[in-house]
Amino acid sequence: MLTRHPSHPDASPLGKPVAYAQHYAPELLFPITRQGKRDEIGISGDALPFIGEDLWNAYELSWLDPRGKPVVALARFHVPAYSPNLIESKSFKLYLNAFNQTKVASVDVLTETLTRDLSAAAGAPVSVRVEPLSTRPQRHMGYPKGVLLDTLEIDVDRYTPAPSLLSADHALPHVGETLYSHLLKSNCLVTGQPDWAMIVVRYKGAPIEREGLLRYIISFRQHNEFHEQCVERVFTDILRECRPTALSVWARYTRRGGLDINPCRRTPGMPVPPDFAEIRQ
């Protein structure tokens with residue numbers, strides 16, 4: 001398997017004019033090491049405090065069948081959180097678009113190719129599912145079964161991440177609950193373009209102070225970081241400041257360039273998040 005060496009985000013295709021490849025071009029994939037940002041939040045590469053994955057959905061995948069007739073499809077990719085690299089999203093888009101004028105023998109061959117290339121870029125096995133629109137794939141919309149924080153009447157004056165806003169009352173009995181917000185906004189690490197998401201916090205432990213949690217979520221509003229890195233920062237801040245006995249944090253980001261990214265980080269034993277799209281996706 002070809003090993004791709006991660007590079008600094010500034011060297012990625014983000015924010016730069018590019019010529020769109022018309023044929024299969026795996027070299028377009030641009031891996032970025034996860035560890036640099038993890039060092040900032042105190043995560044050791046050999047002792048991750050979470051399990052999880054990054055779920056990518058692709059809506060603009062097309063290729064040519066052996067007779068030259070286009071096929072259009074949806075695709076889903078699961079990148080494990082333990083992979084050493086994330087894949088920069090614009091490079092992912094360019095890579096997928098390079099199939100537009102490429103003849104592919106079958107869906108199975110395409111799936112095998114995507115799996116091989118993406119696993120090489122991530123440095124760990126990536127699972128792939130391709131669903132041609134002729135098979136009538138479905139996408140389910142939904143809302144978390146929990147408490148929406150966005151209706152809380154609060155004053156806000158912090159727009160860069162402020163973990164000190166987080167707290168839990170350890171004098172009260174432990175609870176298990178799901179809290180969520182549609183007010184997460186951060187910015188691309190390289191271009192500064194806005195990224196929008198719903199974020200969900202499911203935990204067991206001392207009750208988390210809800211107004212402080214909402215202020216903390218809003219505090220990402222002027223923060224520059226990739227989707228995956230933001231979710232890991234939220235996870236580690238809540239784990240440190242609130243000390244839950246179990247924690248799951250996931251986000252549903254709105255799509256850009258035909259892709260949406262949905263990172264999830266959770267402590268072992270916490271369930272996989274329900275599989276539904278946020279209404280803005």
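Please read these numbers as outputs of a predicted model, since none were measured by experiment.
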Is the backbone N or O of [Y] less than 3.5 Å from a side-chain atom of [X], with the two atoms forming a donor-acceptor pair by type?
{"X": "Arg265", "Y": "Arg233", "value": "no"}
{"X": "Thr178", "Y": "Arg202", "value": "no"}
{"X": "Thr102", "Y": "Tyr24", "value": "yes"}
{"X": "Asn85", "Y": "Ala121", "value": "yes"}
{"X": "His182", "Y": "Trp196", "value": "no"}
{"X": "Ser186", "Y": "Phe220", "value": "no"}
{"X": "Ser219", "Y": "Ala162", "value": "yes"}
{"X": "Gln138", "Y": "Arg136", "value": "yes"}
{"X": "Glu53", "Y": "Leu55", "value": "no"}
{"X": "Tyr143", "Y": "Leu148", "value": "no"}

#### Entry: Stepwise side-chain contact (heavy atoms from CB on, under 4.5 Å) check, Tyr159 with Ile218
CA-CA 6 Å; Tyr159 300 105; Ile218 295 171; 4.0 Å; yes

### Message
Using side-chain contact (heavy atoms from CB on, under 4.5 Å), reason through Leu86 and Gln229 one step at a time and then give a plain yes or no.
### Response
CA-CA 10 Å; Leu86 59 84; Gln229 297 162 347; 4.1 Å; yes

Which atom names give the shortest non-hydrogen contact between [X] and [Y], and what distance separates them?
{"X": "Ala206", "Y": "His174", "result": "N-CD2, 3.5 Å"}
{"X": "Leu61", "Y": "Leu96", "result": "CD1-CD2, 4.2 Å"}
{"X": "Ser91", "Y": "Leu28", "result": "CB-O, 3.2 Å"}
{"X": "Leu214", "Y": "Leu149", "result": "CD2-O, 3.2 Å"}
{"X": "Arg38", "Y": "Ala81", "result": "NH2-O, 2.8 Å"}
{"X": "Pro163", "Y": "Arg240", "result": "CB-NH2, 3.6 Å"}

Reported [atom1]-to-[atom2] distance for the pair [X] and [Y], which is rounded to 0.5 angstrom:
{"X": "Leu213", "Y": "Cys242", "atom1": "CG", "atom2": "SG", "answer": "7.5 Å"}
{"X": "Glu232", "Y": "Cys264", "atom1": "CD", "atom2": "SG", "answer": "11.0 Å"}
{"X": "Glu27", "Y": "Leu94", "atom1": "CD", "atom2": "CG", "answer": "11.0 Å"}
{"X": "Phe77", "Y": "Ser127", "atom1": "CZ", "atom2": "OG", "answer": "9.5 Å"}
{"X": "Leu166", "Y": "Arg215", "atom1": "CG", "atom2": "CZ", "answer": "11.5 Å"}
{"X": "Ser164", "Y": "Arg158", "atom1": "OG", "atom2": "CZ", "answer": "5.0 Å"}

### Query
Which pairs pass ring pair (Phe, Tyr, Trp, His ring centres under 6.0 Å) with one or both residues in residues 255-281, sequence neighbours excluded?
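For residues 255-281: none.
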
Side-chain ion pair, [X] and [Y], N-O less than 4.0 Å:
{"X": "Arg129", "Y": "Asp275", "value": "no"}
{"X": "Arg255", "Y": "Glu60", "value": "no"}
{"X": "Glu228", "Y": "Lys37", "value": "no"}

Flag yes if [X] and [Y] sit in one hydrophobic cluster, no otherwise; membership is Ile, Leu, Val, Met, Phe, Trp, Tyr, and two members link when side-chain heavy atoms are under 4.5 Å apart.
{"X": "Ile261", "Y": "Ile51", "result": "no"}
{"X": "Val109", "Y": "Val126", "result": "yes"}
{"X": "Trp250", "Y": "Tyr82", "result": "no"}
{"X": "Val147", "Y": "Ile217", "result": "yes"}
{"X": "Leu183", "Y": "Met198", "result": "no"}

Is there a side-chain contact between [X] and [Y] in this structure, where contact means two heavy atoms from C-beta onward sitting under 4.5 Å apart?
{"X": "Phe50", "Y": "Ile43", "value": "yes"}
{"X": "Tyr203", "Y": "Ile238", "value": "no"}
{"X": "Ile87", "Y": "Leu118", "value": "yes"}
{"X": "Asp157", "Y": "Asp155", "value": "no"}

### Message
Could you go through Val107 and Trp63, starting from their C-alpha distance and side-chain angles, then the distance that decides it, and tell me whether this counts as side-chain contact (heavy atoms from CB on, under 4.5 Å)?
### Response
CA-CA 10 Å; Val107 172; Trp63 66 96; 3.9 Å; yes

### Message
Assess the residue pair Tyr216 and Val201 against the criterion (side-chain contact (heavy atoms from CB on, under 4.5 Å)); give the C-alpha distance rounded to whole Å, side-chain angles, the decisive distance to 0.1 Å, and a yes or no.
### Response
CA-CA 12 Å; Tyr216 169 75; Val201 176; over 6 Å; no

### Task
If the plane angle is over 60° it's perpendicular, under 30° parallel, otherwise tilted; pick one for His227 and Tyr253.
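It falls in the perpendicular class, over 60°.
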
### Task
For the residue pair Phe92 and Trp56, categorise the inter-ring angle as parallel (less than 30°), tilted (30 to 60°) or perpendicular (more than 60°).
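The rings of Phe92 and Trp56 sit tilted, inter-plane angle from 30° to 60°.
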
### Query
Should we say atom NZ of Lys185 is surrounded by more than 12 heavy atoms from elsewhere, each under 6.0 Å from it?
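Counting other residues, nucleotides and ligands, NZ of Lys185 exceeds 12 neighbours.
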
### Task
List, by chain and number, the other hydrophobic cluster members for Tyr59, where Ile, Leu, Val, Met, Phe, Trp and Tyr join if side-chain heavy atoms come within less than 4.5 Å, directly or indirectly.
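Val72, Leu74, Leu133, which link up through side-chain heavy atoms under 4.5 Å apart, make up the rest of the cluster.
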
### Name of the residue among Arg76, Arg34, Arg252 meeting salt bridge (charged side-chain N to carboxylate O under 4.0 Å, His left out) with Asp54
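For Asp54, the salt bridge (charged side-chain N to carboxylate O under 4.0 Å, His left out) check succeeds only for Arg34.
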
### Query
Just checking, any donor-acceptor pair under 3.5 angstrom between side chains of Asn262 and Gln281?
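Gln281 and Asn262 do have a side-chain donor-acceptor pair below 3.5 Å.
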
### Query
Who pairs with Pro70 by side-chain contact (heavy atoms from CB on, under 4.5 Å), at least two apart in sequence or on another chain?
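Pro70: side-chain contact (heavy atoms from CB on, under 4.5 Å) contacts with Ser62, Leu64.
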
